[in-house]
Amino acid sequence: MEVSGKRGRETDFLPSLSRGSDEADQLYCLPCKQDGSRVLAYGYCQNCAEHLCETCYRIHTKPSPCRNHILLDKTQMPRSQNPSTQTSPKDLTETCQHHHGKVIEYFCKDHKTLGCSPCITINHRNCKIDYIPDVSSNYITSPQYQSLLQALQSLHENVKEITKSIKENKKLIQENQDKVKTDIQKFRQEINTTLDEWEAQIYKDIESLFSREHQRTDSTLTQCHEMTGKIETQQKTFKTLEKDKKCNMIFIHGKKKEESVKGDKKIEQKLREETKANSYIFKPNLAIKNLLKTETTLGTLFNTDDEPKPKTLQDQAEDNKTKLSTHFQLRPRHHLKVPSSDISATLLDQINVKTVRDKYDSNISGLAVINTDRLAIADYYNTNIKIIDVKQKTIVSELKMPSYPWDVTVLQGDQLAVTLPGESLIQVLSCSDGLSKVRQLTVNEACYGLAFIEGSLIFGMKGGTVHMKIINLSGKVLKTLECGGAKEVVYTTACSRFRYIYGSTGSNVFCFNMSGEAVGRYAHESLKKPRGLAVLEDGSILVCDPSNSSIHLISGNMKSSRIILQETDGRMNPYCMAFDSEEMKLYIGSDRQCNYINVYGLK
């Protein structure tokens, strides 16, 4: 084959390979070299693993055996004809997903894709192709590879951070789930408490109603017995007179009876009417009955991140509680509608609370305002509860207790609750028609100070680590409260406006929220022995201090206090109190043997 002239011109196309290089570095066409010619290489056949000159390169794929061979041009062909100096293909083991058994050896720069020899031959014949062993060593130090490593590192750190955040969120999700369940349980408990109270009230009404029915029938029966006796006596008298043939006496008695029997006939008719037994049926509250038919859920779950933000289940429960409270909640009477900074106390009256039935002089341990006319009193020494008409200054009802009563508070529905520490129970009383016992709540503690708020009772105790408890009217413990190193909580009170609970103990006054969390404590050298408590409109607290016969006023933030009353009467030693906000009157009871309570006006 005569190609010498053409091969001389081929060196003009590869100046970088033919000029300024050693002979050993030149790449020659292998077929021509086998014929004895030294023609510089123009390209490379991947299948034959041979460098080719331009002539051999252009005609290489024309014969059928070479038609599908892969040719690399001068920019892509290997730079060495010595196989030992080429990049080792030992790590070219990644197989092609399109051609079974073929390994990936090439990279198409135009399409940014990897491929095997058939891939390149069939689909990328006219593309710019890189033979991977030729370019891989430089890729490791390339900016693209370094950028890839940095991107992977950044991605790795970001995913780790996301993983950590997800784990934290799982904890928050569980806490949120627990809180929602707690809110539902709290709402359910409020419903249960309300229903329990309504049930107790209707049972009380039933007892009162049927008690009157029994009294009516008993009275009718007694009248029947009395009339029967009179008639039988008169009949016996007539028989005796007839037997003795005393006609004159028969005539006289007969004429008298003829007139009286007309009145007896009227009594007979009235008794006949009274024999009728009234029948009653229970008619359920239609609103509640319809509610059970129409409503299907206790509440609804909302996503608090949505806008506008709806009310949470707890807020809904508070709203529902407010609506329910209009049916049964009695407003506490311990709020004053004047600024506490202007308050002063003036003695208005003294009320004697001792009765002829009392064996001892009174020791007043508890007071509670029922209404503007009536006051409930716990007389410790005489072991009784009294109701006093404060206008008439007379005792209108009293009831003997089985042991020493300590404190008394007003419930809803004309009911009172009394602590009996010696028996570890709370006695519930009715005061609608004189004092009478309703039921008992066993608390298994020596219970002292007592208060009522939002359908729950709060009482103080002696000893142990728990010093106050919140229970429902069924006796179930809802919360337990601790007052630091206190030995006992003598008195408690509650403020519905701020939803706070207060307890006096040792030389401290403690404040808790309705969740049982301590939110304040007051102690001062001037307040040595805090006892009875009352809360004013602005949240300030009135406190009895029997150590120096004084009444203290503690600021709402529990940072300061002042004495508003100092007793000069040696018999009166302020120990307990009750406040009537409507009349702005403060009632003070003494722990000494003192038979009267003092009434003060606050202004």
Side-chain angles (χ1 to χ4, degrees), residues 198-285 353-359 370-371 373-374 376 379 382-389 391-402 413-416 418 427-440:
W198 290 351
E199 183 181 17
Q201 179 59 42
I202 200 167
Y203 284 158
K204 174 179 171 293
D205 295 340
I206 290 170
E207 291 294 331
S208 177
L209 175 64
F210 284 93
S211 176
R212 290 194 297 270
E213 286 292 304
H214 284 298
Q215 290 174 4
R216 181 179 62 80
T217 55
D218 288 344
S219 176
T220 304
L221 186 61
T222 299
Q223 292 180 61
C224 286
H225 289 323
E226 291 175 352
M227 180 166 281
T228 300
K230 289 180 181 180
I231 294 171
E232 290 174 351
T233 300
Q234 190 64 54
Q235 289 174 332
K236 185 177 180 180
T237 299
F238 280 127
K239 287 181 179 180
T240 301
L241 292 174
E242 287 176 5
K243 182 178 180 181
D244 294 340
K245 297 182 179 181
K246 295 180 178 181
C247 298
N248 293 331
M249 291 297 294
I250 292 174
F251 180 84
I252 293 171
H253 282 281
K255 289 301 179 180
K256 287 183 178 179
K257 194 60 183 177
E258 286 176 3
E259 294 299 322
S260 65
V261 79
K262 295 178 181 179
D264 291 341
K265 286 286 186 180
K266 293 180 179 179
I267 295 174
E268 176 199 1
Q269 183 62 33
K270 184 177 180 181
L271 291 176
R272 189 178 300 280
E273 292 174 357
E274 291 294 330
T275 59
K276 178 184 178 182
N278 293 323
S279 179
Y280 299 91
I281 62 171
F282 172 69
K283 184 178 181 181
N285 186 315
V353 298
K354 186 175 182 179
T355 69
V356 294
R357 291 173 293 278
D358 290 339
K359 294 182 179 180
I370 299 174
N371 53 46
D373 294 329
R374 298 197 171 188
D379 190 337
N382 291 299
T383 63
N384 58 29
I385 302 297
K386 302 171 182 177
I387 304 296
I388 294 183
D389 186 324
K391 304 294 185 183
Q392 302 298 324
K393 296 198 291 186
T394 58
I395 295 176
V396 296
S397 181
E398 64 177 302
L399 183 64
K400 196 74 173 178
M401 292 287 103
D414 294 328
Q415 289 187 340
L416 302 175
V418 180
Q427 177 69 58
V428 179
L429 307 175
S430 170
C431 58
S432 60
D433 188 18
L435 286 169
S436 61
K437 295 179 181 179
V438 177
R439 65 183 186 280
Q440 293 179 342

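As the structure is a prediction and not an experimental result, all values here were calculated from the model.
- Looking at L429 and K437, their side chains come closer than 4.5 Å, going by heavy atoms from C-beta outward.
- By the 4.0 Å N-to-carboxylate-O rule, K230 lies too far from E226 to be salt-bridged with it.
- In plain terms, the two heavy atoms of I385 and L435 that are nearest each other are O-CD1, 3.3 Å.
- L416 CG to Q427 CD: the interatomic distance, rounded to the nearest 0.5 Å, is 10.5 Å.
- The neighbour count for F238 CZ, taken as heavy atoms of other residues, nucleotides or ligands under 6.0 Å away, is above 12.
- Crowding of R374 atom CZ: a count of heavy atoms from other residues, nucleotides or ligands under 6.0 Å not exceeding 12.
- Distance check, rounded to the nearest 0.5 Å: CZ of R357 to NZ of K386 gives 8.5 Å.
- Within 6.0 Å of the NZ atom in K359, the count of heavy atoms belonging to other residues, nucleotides or ligands does not exceed 12.
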Test log, rule salt bridge (charged side-chain N to carboxylate O under 4.0 Å, His left out), inputs K236 and E232: CA-CA 6 Å; K236 185 177 180 180; E232 290 174 351; over 6 Å; no
In residues 246-256, what donor-acceptor pairs under 3.5 Å come from side-chain atoms, sequence neighbours left out?
none

Scan the side chains in residues 204-216 for donor-acceptor partners under 3.5 Å anywhere in the protein, sequence neighbours excluded, and list what turns up.
residue, atom, partner, partner atom, Å
K204, NZ, S432, OG, 3.3
D205, OD1, Q201, NE2, 3.1
S208, OG, R212, NH1, 2.9
E213, OE1, R216, NH2, 2.9
E213, OE1, N278, ND2, 3.4
E213, OE2, N278, ND2, 3.0
E213, OE2, Y280, OH, 3.4
R216, NH1, E274, O, 2.7
R216, NH1, E274, OE1, 3.3
R216, NH1, K276, O, 3.4
R216, NH2, K276, O, 3.0

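- Atom CD of Q223 is separated from atom CD1 of I267 by 7.5 Å, given to the nearest 0.5 angstrom.
- Minimum interatomic distance between S430 and V438 (heavy atoms only, all atoms of both residues): N-CG2, 3.5 Å.
- The distance from the CG atom of D358 to the CD1 atom of I395 is 7.0 Å, given to the nearest 0.5 Å.
- Side-chain contact between F282 and I202 is present, with at least one heavy-atom pair separated by less than 4.5 Å.
- Note: D379 CG to K400 NZ = 8.5 Å, rounded to the nearest 0.5 Å.
- In this structure V353 satisfies the side chain to side chain contact (heavy atoms under 4.5 Å, CB included) test together with S362, I364, I377, I388, I597, sequence neighbours excluded.
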Residue pair K257, D264: steps toward the side-chain contact (heavy atoms from CB on, under 4.5 Å) verdict: CA-CA 10 Å; K257 194 60 183 177; D264 291 341; 3.3 Å; yes
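- Enclosure of atom CG in D389 by more than 12 non-hydrogen atoms of other residues, nucleotides or ligands within 6.0 angstrom is indicated.
- A distance-only check finds a donor-acceptor pair linking the side chain of N371 to the backbone of D373 [under 3.5 Å].
- Distance check, rounded to the nearest 0.5 Å: NZ of K266 to NZ of K270 gives 12.0 Å.
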